[in-house]
Amino acid sequence: MPKLFNPTMECSTASCRLFPRVSARSRRGSSLKSAIIAQKPSTLAEDLPSKKRTNWGKYDNSLEQAAAAWRNHKTVNWELEKPLDRTTSFATLASLLKRCGQAKALYHGRLVHAHIRRYRYDWNTFLGNWVVKMYGDCGSIEDARSVFDNLPKINLYSWNILMNAYAQNGCGREALECFQRMQCDGIRPDQVSFVAALDACSSIAALEKGQEVHAAIVRRGYDRQLIVGNALVNMYGKCASLGDARNVFNQMVNRDVISWTAMITALSQNGHCDEALDFFDQMQGAGFKPNPITFVCALDACASLADLKKGQEIHAAIVEAGYEGRADMGNGFLNMHNALVNMYGKCGSLEDARRVFSRMPSRTVASWTAMITACSQNGHSKEALCLFNRMQSDGIKPDQITFVTVLDACTSLAALEKGQEIHAAIVECGYEEQVVVGTALINLYGKCGSLEDARNVFGRMPVRDVVSWNAMIAACAHNGHGMEALDLFDYMQSDGFKPNHVTFLSVLAACSHTGRVDAARRYFNSMREDHSLIPKVEHNVCLIDILGRAGLLDDAENLINSMPLESKARVWLCLLGACRIYGDVERGARAASHAIKLDPENAAPYVLLSNIYAAAGRYDDAQQVRDIMNNSRLKKIDSCHMEVDRIVRESVLREVAQVDKMVYVFVPKEAAQVADID
DNA sequence: ATAGGGTTAG
């Protein structure tokens with residue numbers, strides 16, 4: 001039951017000093033809404049398209065509640081000396097709006113805006129521009145637009161602010177439209193407009209448009225400006241045009257830390273992580289000190305390379321710089337700590353990740369999510385689930401990405417019930433409609449054998465992408481519904497989605513389960529011919545497996561010999577498995593010798609070959625292979641991260657089975673040994 | 001008396 005506004009309350013009390021005295025007439029409305037939003041929420045709510053209309057109902061709190069919320073807002077931390085009234089200066093209002101934007105405090109920003117609309121008929125473009133910016137910073141782009149459309153006069157600042165609001169909220173197309181329209185309206189873009197236009201191109205990866213803007217920049221002579229150069233490097237990096245990014249960077253007359261950081265990011269996000277780290281060193285050689293953001297980018301490159309040593313070096317440099325444990329400068333240092341946790345997780349050092357995480361000065365959802373991901377991706381799914389609980393008891397609310405990570409942990413534990421519990425929480429938070437969340441749910445249900453649930457989630461998804469189609473196709477393929485998987489493959493394409501490498505893995509798996517050898521060949525060839533996808537090792541393994549199981553050993557071997565793969569060890573191993581089934585000793589020996597030559601530390605080919613000999617009654621040969629194996633130092637399955645319990649035991653076996661299904665099926669003793677390694 | 005460049009979890 002909401003508390004109502006108390007008309008007898010004295011407005012000079014601390015609890016409402018932020019609000020102007022309201023007239024008796026408007027008090028009669030008895031709610032904050034009517035008190036401060038006043039008669040007509042015109043430009044805000046009513047001009048918006050109906051489905052995106054702002055829900056003003058949630059501002060229907062009592063005045064005390066709103067004032068308390070305002071005072072207690074931790075990030076904004078208002079310390080207003082005077083209440084807002086008709087005499088509050090525009091400078092004060094502007095600074096309030098700025099702080100609301102920085103803190104992404106939409107609620108408070110709306111309060112200030114409402115105050116201006118109610119009491120400041122003398123508002124001008126200066127103040128209006130700040131309101132537009134506040135809404136843009138708070139991510140409320142429709143509000144930004146409608147305020148912009150009602151500005152008393154639109155100037156260069158207004159356009160630049162609006163363009164940036166669009167570009168930073170993922171509406172690159174609209175930002176570029178603004179760029180056009182401002183010029184039609186006779187306003188000459190300055191360097192800030194060009195930077196915003198480049199940002200818009202980056203956000204939608206519009207390379208051609210970006211080149212057009214670049215040409216206009218050169219025509220107007222803005223290309224020597226530092227911030228323009230930086231934005232150009234960034235734009236070419238985001239549009240995957242690394243050569244252009246390099247050219248711009250090399251030709252820059254001045255460079256600063258941001259230029260170097262932009263270049264490092266461009267390299268690392270386009271698959272040149274080694275070079276990115278070289279640049280990181282060169283930058284320091286050139287006398288620039290990395291800041292927290294530079295460190296984030298460098299750590300990201302280490303994470304992609306899974307280069308633990310380099311990552312630890314950079315961590316040492318962070319300590320050296322005195323950045324570790326610091327919590328000032330907004331989110332700068334916080335993000336850097338998150339990046340450290342993420343890097344250690346991706347590089348497989350859970351201990352380091354834990355250490356950084358436990359020493360963090362403060363933690364956000366992102367920090368918790370990074371730590372949970374680190375656990376879940378390093379075989380500690382149970383710890384991931386524990387952390388998820390602790391995070392919530394620490395008062396941090398999970399976001400969609402946390403849920404995705406936790407669902408992944410459930411998936412690898414095959415913990416269907418826990419997953420369903422989390423599914424319920426997701427529905428409660430209203431995240432079920434998010435593509436990434438839906439996809440993680442389909443994965444969970446698919447891997448846990450609950451195809452019906454996977455279908456339901458997929459059917460309810462309002463938006464799908466290639467990844468969610470892939471998840472659904474995989475769910476069918478791995479639950480004995482190969483035909484349905486192949487049908488979905490067709491539907492997916494008629495829905496306008498292009499299949500990728502992952503799609504074809506599931507398609508081939510579907511062919512394998514339904515025994516469609518010829519179809520598998522056709523799909524395999526169509527990867528290259530119709531979709532310009534080059535089959536990877538996994539696809540080749542899959543096809544060899546299908547041919548091998550069908551007894552087409554000749555075809556399989558010929559195919560391997562014609563494959564332009566870098567390493568064929570796994571493919572030969574696959575053929576070796578097929579030779580085991582069909583008792584083809586000669587071919588088996590050939591395949592084994594290839595496999596051993598290519599991956600001498602793997603025990604699997606020895607085991608398989610020995611079994612082939614044994615099955616053919618050639619016990620001496622079998623023993624000889626085993627002796628060779630036992631006398632050489634072969635790679636053990638790395639299970640030091642594994643806890644020993646039933647589920648994990650199974651997951652170790654699954655891993656072994658992935659290397660070769662035969663190890664488990666035909667050599668149970670071997671498998672048992674593997675599982676006993678702690 | 002406003003605007004502007006580099007970062008994060010499938």
Side-chain angles (χ1 to χ4, degrees), chain A residues 89-91 93-95 97-98 124-134 136 155-165 167-168 189-199 202 222 225-235 237-238 255-266 268-269 290-301 303 331-332 334-343 345-346 364-374 376-377 398-408 411 434-443 465 467-468 470-471:
Chain A
S89 72
F90 279 10
L93 290 169
S95 114
L97 288 164
K98 185 179 177 186
N124 57 12
T125 300
F126 167 73
L127 202 52
N129 286 345
W130 275 111
V131 177
V132 177
K133 180 164 165 50
M134 179 277 293
N155 60 20
L156 178 62
Y157 286 92
S158 325
W159 281 113
N160 288 349
I161 290 169
L162 185 69
M163 277 172 69
N164 272 308
Q168 283 162 15
D190 67 350
Q191 74 267 36
V192 179
S193 325
F194 279 114
V195 168
L198 289 172
D199 264 8
S202 312
Y222 284 126
Q225 296 270 343
L226 180 61
I227 59 165
V228 176
N230 291 348
L232 277 168
V233 172
N234 179 44
M235 184 274 290
K238 293 277 152 49
R255 295 188 197 102
D256 63 2
V257 194
I258 297 182
S259 329
W260 283 94
T261 310
M263 196 58 220
I264 291 169
T265 307
S268 115
Q269 290 182 349
N291 64 21
I293 298 182
T294 323
F295 279 124
V296 169
C297 302
L299 289 169
D300 201 42
N331 282 335
L334 184 67
N335 290 342
M336 186 194 70
H337 285 93
N338 294 348
L340 273 170
V341 173
N342 178 50
M343 180 276 292
K346 295 277 163 14
T364 60
V365 216
S367 329
W368 285 93
T369 306
M371 191 61 226
I372 293 172
T373 310
S376 147
Q377 290 180 349
D399 69 3
Q400 3 161 352
I401 298 156
T402 323
F403 279 123
V404 169
T405 298
V406 175
L407 286 173
D408 282 350
T411 307
Q434 302 280 337
V435 208
V436 284
V437 177
T439 306
L441 282 167
I442 295 169
N443 262 329
D465 64 5
V467 189
S468 42
N470 284 350

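Because the structure is predicted, anything quoted here is derived from the model rather than measured. Just so it is clear: chains get the letters A, B, ... in the order the sequence lines come, proteins before strands, and each one is counted from 1.
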Open item on the list: Between A:T411 and A:D408, is there a side-chain donor-acceptor contact under 3.5 Å, judged purely by atom types and distance?
Closed with: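 There is no such pair between these side chains.
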Task: Residues A:T405 and A:T373: side-chain donor-acceptor under 3.5 angstrom - done: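 A:T373 and A:T405 do have a side-chain donor-acceptor pair below 3.5 Å.
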Open item on the list: With a 4.5 Å cut-off on side-chain heavy atoms, are A:L198 and A:L232 touching?
Closed with: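 Touching, per the 4.5 Å side-chain cut-off.
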With a non-hydrogen cut-off below 4.0 angstrom, is [X] in contact with a base, only sugar-phosphate, or nothing?
{"X": "A:N335", "value": "base"}
{"X": "A:T294", "value": "base"}
{"X": "A:A339", "value": "nothing"}
{"X": "A:Q191", "value": "base"}
{"X": "A:Q434", "value": "nothing"}
{"X": "A:T373", "value": "sugar-phosphate"}
{"X": "A:V195", "value": "sugar-phosphate"}
{"X": "A:I264", "value": "nothing"}

TODO: Could you tell me which non-hydrogen atom of A:V436 sits nearest to which non-hydrogen atom of A:Q400, and how far apart they are?
DONE: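 Answer, listing the atom of A:V436 first, then A:Q400: CG2-OE1, 3.7 Å.
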Open item on the list: On a heavy-atom basis, which atom in A:A94 and which in A:L127 lie closest, and how many Å separate them?
Closed with: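 Heavy atoms only, the tightest pair is N-CD1, 4.0 Å.
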- [ ] With sequence neighbours left out, write down each residue that passes side chain to side chain donor-acceptor pair (under 3.5 Å) with A:S202, or none if nothing qualifies.
- [x]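 Partners of A:S202 under the side chain to side chain donor-acceptor pair (under 3.5 Å) test: none.
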Can you identify which nucleotide, out of [options], has its nearest atom closest to the [X] side chain?
{"X": "A:T265", "options": "B:dG10, B:dA3, B:dT7", "result": "B:dT7"}
{"X": "A:D399", "options": "B:dG10, B:dA9, B:dA3", "result": "B:dA9"}
{"X": "A:V192", "options": "B:dG4, B:dG6, B:dG10", "result": "B:dG4"}
{"X": "A:V467", "options": "B:dT2, B:dG10, B:dT8", "result": "B:dG10"}
{"X": "A:N124", "options": "B:dA3, B:dA1, B:dG10", "result": "B:dA1"}
{"X": "A:D199", "options": "B:dG10, B:dG6, B:dA3", "result": "B:dG6"}
{"X": "A:Y157", "options": "B:dT2, B:dA9, B:dG4", "result": "B:dT2"}
{"X": "A:N338", "options": "B:dT8, B:dG10, B:dG4", "result": "B:dT8"}
{"X": "A:I401", "options": "B:dA9, B:dG4, B:dG6", "result": "B:dA9"}
{"X": "A:N160", "options": "B:dT7, B:dA3, B:dG10", "result": "B:dA3"}

Return the value, rounded to whole Å, for the distance between atom [atom1] of [X] and atom [atom2] of [N].
{"X": "A:D190", "N": "B:dG4", "atom1": "CG", "atom2": "C1'", "answer": "9 Å"}
{"X": "A:N291", "N": "B:dT7", "atom1": "CG", "atom2": "C1'", "answer": "10 Å"}
{"X": "A:K133", "N": "B:dA3", "atom1": "NZ", "atom2": "P", "answer": "6 Å"}
{"X": "A:N155", "N": "B:dA1", "atom1": "CG", "atom2": "C1'", "answer": "11 Å"}
{"X": "A:Q377", "N": "B:dT8", "atom1": "CD", "atom2": "P", "answer": "16 Å"}
{"X": "A:I293", "N": "B:dT8", "atom1": "CD1", "atom2": "P", "answer": "10 Å"}
{"X": "A:I372", "N": "B:dG10", "atom1": "CD1", "atom2": "P", "answer": "12 Å"}
{"X": "A:L334", "N": "B:dA9", "atom1": "CG", "atom2": "P", "answer": "14 Å"}

OP1 or OP2 of [N] sitting under 4.0 Å from any side-chain N/O of [X]?
{"X": "A:Q269", "N": "B:dT8", "value": "yes"}
{"X": "A:N164", "N": "B:dA3", "value": "no"}
{"X": "A:K238", "N": "B:dT7", "value": "yes"}

- [ ] List in chain and number order the residues that pass salt bridge (charged side-chain N to carboxylate O under 4.0 Å, His left out) with A:K133, two or more places apart in sequence or in another chain; answer none if no residue qualifies.
- [x]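 A:K133: salt bridge (charged side-chain N to carboxylate O under 4.0 Å, His left out) contacts with A:D137.
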